[in-house]
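Since the structure comes first, as structure tokens, the remarks are kept for the end.
A note on names: the letters A, B, ... follow the listed sequences, proteins ahead of strands, and every chain is numbered from 1. Quick caveat: nothing in here was measured; it's all calculated off a predicted structure. Values reported hereafter were calculated over all heavy atoms of this structure, with side chains retained and with hydrogens, waters and symmetry mates removed.
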There are 2 protein chains.
Amino acid sequence: MSSPSDMSTPPDELSARAIGLFVAINRRYAGEAEAAAAAQDLTPLQAKALLATMDPVPMRAVADKLHAEPSNITAVVDRLEERGLVERRAAPGDRRVKLVAATDRGRTAIAELRAAMPFAGDPLGALGTEQREALCRLLELVVGPQERQA
Amino acid sequence: MSSPSDMSTPPDELSARAIGLFVAINRRYAGEAEAAAAAQDLTPLQAKALLATMDPVPMRAVADKLHAEPSNITAVVDRLEERGLVERRAAPGDRRVKLVAATDRGRTAIAELRAAMPFAGDPLGALGTEQREALCRLLELVVGPQERQA
DNA sequence: GCGAGGTGCTTGACATTGGCAAACATTCCA
DNA sequence: TGGAATGTTTGCCAATGTCAAGCACCTCGC
């Protein structure tokens, strides 16, 4: 849980309030995601991996999407495969590559995961269009000049 | 890393942009914190625990602050204590309680951690006062009616 | 066409984190 | 005073993360 929750460098009051709000939003998201995953008897990481396999993708792509080492993804996909949620296929054109693809059961689980994460589906639901745009502009300022990275 | 990064429920475009920005801010924070901890040869959790011990606090309080089980904090504090960054003291008034307090070396490490986390110290530095207030208002709307919780 | 080097995936060893049950001392309350 | 609750520790186990090594395969240059 790498969130600002507790790295308490004491900032000014408004910053502290903003940090608290970020943490709260993060928790709302993470809590929802964790509950949704648990309802499918999955860990959050397994759920993320499953969600990444709607279309067949190489192991490597899953690892990149989850910001994890490919070697770790092997075990995660192993568990998903044991449960029949995912299958490994040969990739046409490169026999080194294994494509991970959700099975029918996997796609059902994906649908239920998404249904159980309404906040993730519409996080800005409480905001009007102008407010959404204003929020994005402000967040961009906070992010600052960031490193480009897919 | 429980961040929205990859629980890809496909939302509308503005929401997607906002999610990306949240993730980017989270990463900026977490990356800075992780680097700061690593510079002290600490894990992020160890660093958080250390930061919580500026003043002597019961183990239980450290656990609460880090949203972890007290039983897990035992091992974390053990490592900090082995390295002389922290010490356990008896608590006056309740002989069950052990207070964890940063040593001089620990306080030095805390200062260096904070110095290495400028973004955490002033996350809204790029914003003016009105922008900060606007941001907080918008974030409060996004959080929504939240459960009260220290 | 052949070999060197790079890429994709897996395996293994290991440390850290997280949850949970059990044990122990101590405190609190009826 | 006795039973319940609290604070801390220990142990076990699953999951995650980093790292090095290995195997299969592809690619590039000669």
| field | Nucleotide D:dT8, atom P - distance to CG of B:D64 in whole Å | value | 10 Å
| Among C:dC20, D:dG17, D:dT9, which is the nearest nucleotide to the side chain of B:R88? | D:dT9
| message | Looking only at the side chain of A:R60 (C-beta and beyond, no hydrogens), which of the listed nucleotides D:dT16, C:dC9, D:dG7 gets closest? | response | C:dC9
| request: State which residues pass salt bridge (charged side-chain N to carboxylate O under 4.0 Å, His left out) with B:D55; sequence neighbours excluded, sorted by chain then number. | output: none
| said: Rounded to whole Å, please give me the gap between CD1 in A:I73 and P in D:dA15. | reply: 14 Å
| query | Atom CE of B:M59 and atom P of C:dT26: how far apart are they, to the nearest Å? | reply | 17 Å
| Spacing between B:K48 atom NZ and C:dG18 atom P, to the nearest angstrom | 8 Å
| message | ring-ring contact (aromatic ring centres under 6.0 Å, His included) for B:Y29 and A:F22? Distances and angles first, verdict last. | response | CA-CA 11 Å; B:Y29 185 98; A:F22 269 101; 9.6 Å; no
| note | Within residues 89-99 of chain A, the residues having a heavy atom closer than 4.0 Å to DNA chain C are A:R96, A:V97, A:K98
| request: Calculate the interatomic distance between B:E69 atom CD and D:dG11 atom P; express it in whole Å. | output: 18 Å
| said: From CZ of B:R79 over to C1' of C:dT17, roughly how many Å is that when rounded to an integer? | reply: 8 Å
| Which part of the nucleic acid, if any, lies within contact of A:L45, taking any heavy atom under 4.0 Å across all strands shown: a base, the sugar-phosphate backbone alone, or nothing? | sugar-phosphate
| said: Tell me whether the count of non-hydrogen atoms from other residues, nucleotides or ligands lying under 6.0 Å of CZ in B:R107 goes above 12. | reply: yes
| request: Side-chain contact test, heavy atoms from C-beta onward, threshold under 4.5 Å: evaluate it for B:P92 versus B:L99 and give yes or no. | output: yes
| Nucleotide D:dA15, atom P - distance to CD of A:E34 in whole Å | 14 Å
| query | So, does the side chain of A:S71 form a donor-acceptor pair with the base of D:dC19 at under 3.5 Å? | reply | yes
| said: Any side-chain to backbone donor/acceptor pair from B:R28 onto A:V143? Under 3.5 Å, distance only. | reply: yes
| query | Taking CG from B:L42 and P from C:dT16, how many angstroms apart are they, rounded to a whole number? | reply | 11 Å
| Is the side chain of A:Q40 donor-acceptor paired with the backbone N or O of A:E112 at a distance under 3.5 Å, no angle test? | no
| Among pairs that include at least one residue of residues 77-86 of chain A, which meet side-chain hydrogen bond (donor to acceptor under 3.5 Å, both in side chains), considering only residues two or more places apart or in two chains? | A:D78-A:R88, A:E81-A:R88
